[in-house]
Amino acid sequence: MSKIIFYEEKNFQGRSYECMGDCADMHSYLKHCHSCRVESGCFMVYDQTNYMGNQYFMRRGEYGDYMNMFGWNNSIRSWRMIPMWRGSYRMRIYERENYGGQMYDCMDDCESFMDRYHMSHCMSCHVMDGHWLMYEHPHYRGRMWYFGPGEYRNFSSMGYGNMRFMSMRRIMHSFY
């Protein structure tokens with residue numbers, strides 16, 4: 001079972017809220033959040049309500065001052081638990097929106113789409129198996145986004161703007 005504890009102040013001070021699932025709006029529980037502790041499982045946290053805005057992957061550990069760590073100006077406003085996956089991983093990435101341009105089947109991490117596939121970026125994907133993180137820069141740098149099983153035809157219509165992903169990694173069971 002996944003478990004995360006949120007605290008109103010840095011370094012696990014102030015009021016707290018313990019959770020084992022998703023939450024679209026933290027304001028129901030705390031005014032703001034400036035630190036958290038993941039006791040088990042993995043979570044994506046968002047700086048806006050309804051799973052929008054900047055997101056960050058959190059696995060088991062302590063985040064006493066995550067705003068400085070992530071470079072955020074806002075506190076966590078919503079979060080989503082990432083289910084553990086123990087099967088195979090499979091994603092199809094596309095160079096352009098709506099599954100256009102070059103296409104590649106992926107089953108493992110990729111530090112650079114350019115180096116491996118000679119593709120400068122990814123603009124749509126279809127996740128068949130597993131849970132993945134995609135990054136805006138090579139070598140797992142920059143902003144990240146979570147992708148679970150499903151079809152993602154147009155990243156810009158999903159609130160990612162003109163995001164172009166350049167690397168990706170699997171969320172492995174060893175993260176839990």
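- In this structure the side chain of E62 reaches within 4.5 angstrom of the side chain of F12, judged on heavy atoms.
- The side-chain heavy atoms of C110 and Y117, taken from C-beta on, include a pair separated by under 4.5 Å.
- The distance from the CD atom of E95 to the OG atom of S124 is 9.5 Å, given to the nearest 0.5 Å.
- Note on R77 versus D47: no salt bridge recorded, every NZ/NE/NH1/NH2 to OD/OE distance being 4.0 Å or above.
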Inset, instruction - I would like to know whether S167 and F113 meet side chain to side chain contact (heavy atoms under 4.5 Å, CB included); could you show each step before the answer? - result: CA-CA 6 Å; S167 59; F113 293 152; 5.6 Å; no

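- Classified by interplanar angle (parallel below 30°, tilted 30° to 60°, perpendicular above 60°), the ring pair F165/W145 is perpendicular.
- In the model, R37 has a side-chain atom that pairs as donor or acceptor with a side-chain atom of Y7 under 3.5 Å.
- Using a 4.5 Å heavy-atom cutoff, the side chains of C36 and W79 are not in contact.
- Taking CE of M44 as the start and OH of Y146 as the end, the distance is 9.0 Å to the nearest 0.5 Å.
- Look at R116 and D108 and you find a salt bridge, because one of the NZ, NE, NH1 or NH2 atoms lies within 4.0 Å of a carboxylate O, short of that distance.
- The existence of a salt bridge linking K3 and E18 is confirmed by a sub-4.0 Å separation between a basic side-chain nitrogen and an acidic carboxylate oxygen.
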Inset, instruction - Given side chain to side chain contact (heavy atoms under 4.5 Å, CB included), test F43 with I82 step by step and report yes or no. - result: CA-CA 5 Å; F43 293 83; I82 300 172; 5.8 Å; no

